[in-house]
Amino acid sequence: MNIFYRQRFVLAGLCCAIFLSACAQSAYHRLYPIKSEMVWPPKPAQARIRYLGSFQRPEEMGIEKGFLSRLGDLFAGAEERHMVRPMAVVSMSEQEIYVADPGARGVHYFNRKRNEYRLIQQADNQPLPSPVGLARGPNHSVLVADSELGGIFIIQPGGDTASPLVLDVRLAQPTGIARDQATGRMYVTDTAGHSFSIFDQHGKRLKQIGKRGNGKAEFNFPTLMWLDKERLYVTDSLNFRIQMFDHDGVFKGFFGQIGTTTGTLSRPKGVATDNFGHIYTVDSLFHALQIFNDQGQLLLNIGRQGGLPGEFWLPTGLYISENNTIYIADSHNRRVQVFQYIGGKS
């Protein structure tokens, strides 16, 4: 066999091996890599939360590299495709998820339906050095708050880059972000400014709420936020509480206090609500998810420090979808854990 045919034979063998490997792996992929009947609270109590699984890499979402990408990896080396320090999550559907990751200096995009994954940064491969907040934007886009760049960026549907939004003021340290889909208003926390701002759909600031303090509508390093049909929830992290406002920024109340026991708050970060009006908070120092009723009374506590399913290590971001699927950015475990509320109104 001459050298020409030997090279063709080796190449064909490599191609065949890649093809067979892809077929073998894809047969075992599911939406999440671990299925379990883990529920909280445990029996004999009525189950309220069910564990669905977790993911770090696109392959764990059933997103495989194409044939040519696998072939290229053999010669150029495999591209790293995993979370480093996930901080925020937004789900456009059960098939399409964005994860903000300052460790990777960008936003991970997973589209299971289209078998697509990419790390989204700025144009010309410029990084997003500190993407810490995500929200659904207009027309199926995604909004990103980058605390280091002091700006808000937008990822268009199917887009490969995050483009800056023009605001009429500069924020010191934008972190949390939310958007009212009906009015187009955008809400942004400014952690270093101890406040949050309301912008119209054109980027004009309508109102700024807050100053440093511990009174009503005062903040001590606020971080993440959540908007539902009735209220805006702002995590007032170093006042160890959740403050609530209406959509115009009028103060409506708060709950929470510093403590080391279940039901108190130590370092609250993510906040969200489900379809039944329950209020969820992620506490980084408790390594836990806590669920409260709309009066701020504790209903359920989930988690402890660790790396097993249902355990956390400095969790941060929280997102709840329309069907009450709960996504938690488990930052130091380098993964997103996924749960679902199944308990009905309580």
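Values reported hereafter were calculated over all heavy atoms of this structure, with side chains retained and with hydrogens, waters and symmetry mates removed.
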Residue pair [X] / [Y], side-chain heavy-atom distance below 4.5 Å:
X	Y	result
L300	P41	yes
Y51	V39	no
K211	S195	no
Q290	T262	yes
I320	T325	no
V99	F110	yes
Q337	R335	yes

Hey, is [atom1] on [X] packed in by over 12 heavy atoms from elsewhere, all under 6.0 Å?
X	atom1	value
N125	CG	no
Q257	CD	no
Q181	CD	yes

Shared-cluster residues of [X], by chain and number - hydrophobic side chains joined below 4.5 Å:
X	answer
L308	none
I177	L143, I152, I154, L165, L167, V169, L171, M186, V188, F199
L224	none

Let me see the working for I326 and I328 under side-chain contact (heavy atoms from CB on, under 4.5 Å), right down to the final yes or no. CA-CA 7 Å; I326 305 157; I328 299 176; 4.1 Å; yes

For [X] and [Y], test the side chains for any donor-to-acceptor distance below 3.5 angstrom and give the result as yes or no.
X	Y	answer
R50	Q340	yes
T191	T223	no
H108	Y117	yes

Across all chains, not counting sequence neighbours, the side chain to side chain contact (heavy atoms under 4.5 Å, CB included) partners of Q305 are H287, W313

Of all the heavy-atom pairs spanning [X] and [Y], show the shortest one and how long it is.
X	Y	value
R85	G103	CB-N, 4.0 Å
E218	Q243	O-NE2, 2.6 Å
G270	T235	C-OG1, 4.3 Å
R231	M244	NH1-SD, 3.2 Å
A288	G303	CB-O, 4.1 Å
P102	M87	CD-CG, 3.2 Å

Set of salt bridge (Lys or Arg N to Asp or Glu O under 4.0 Å) partners for [X], sequence neighbours left out:
X	answer
K113	none
R179	none
D101	none
R185	D248

So NZ of K216 and CZ of F245: to nearest 0.5 Å the spacing works out to 11.5 Å

Using modelled atom types only, decide if a donor and an acceptor are shared between the side chain of [X] and the backbone of [Y] within a distance under 3.5 Å.
X	Y	value
H194	F221	yes
Q297	N293	no
N115	E64	yes
Q173	T189	no

Using the benzene-type ring in the case of Trp, are the ring centres of [X] and [Y] under 6.0 Å apart?
X	Y	result
F292	F255	yes
Y341	H278	yes
W226	Y280	no

Which donor-acceptor pairs under 3.5 Å do side chains of residues 127-140 form with protein atoms, sequence neighbours excluded?
unit_1, atom_1, unit_2, atom_2, d
S130, OG, S147, OG, 2.7
R136, NE, S91, O, 3.2
R136, NE, Y319, OH, 3.1
R136, NH1, E322, OE2, 2.7
R136, NH2, S91, O, 2.8
R136, NH2, M92, O, 3.3
R136, NH2, E322, OE1, 3.4
R136, NH2, E322, OE2, 3.4
H140, NE2, E96, OE1, 3.0

Residue set satisfying ring-ring contact (aromatic ring centres under 6.0 Å, His included) with Y233, at least two apart, ordered chain then number -> none

By ring-ring contact (aromatic ring centres under 6.0 Å, His included), F240 pairs with (sequence neighbours left out) none

| field | Note: E59-R81 ion pair, threshold 4.0 Å (strictly below) | value | yes

For H247, the side-chain hydrogen bond (donor to acceptor under 3.5 Å, both in side chains) test, sequence neighbours excluded, returns D180

Query - same_hphob_cluster(L318, M225) at 4.5 Å side-chain heavy-atom cutoff - result: no

Report yes or no: do L314 and V282 belong to one cluster of Ile/Leu/Val/Met/Phe/Trp/Tyr joined by side chain heavy-atom distances under 4.5 Å? no

Legend entry - Verdict with reasoning, D283 to R267, per salt bridge (charged side-chain N to carboxylate O under 4.0 Å, His left out): CA-CA 5 Å; D283 196 299; R267 193 71 82 246; over 6 Å; no

Partner of F286 under side chain to side chain contact (heavy atoms under 4.5 Å, CB included), picked from N301, L265, T264, is T264

From the list V336, V338, N111, V89, side chain to side chain contact (heavy atoms under 4.5 Å, CB included) with I97 holds only for V89

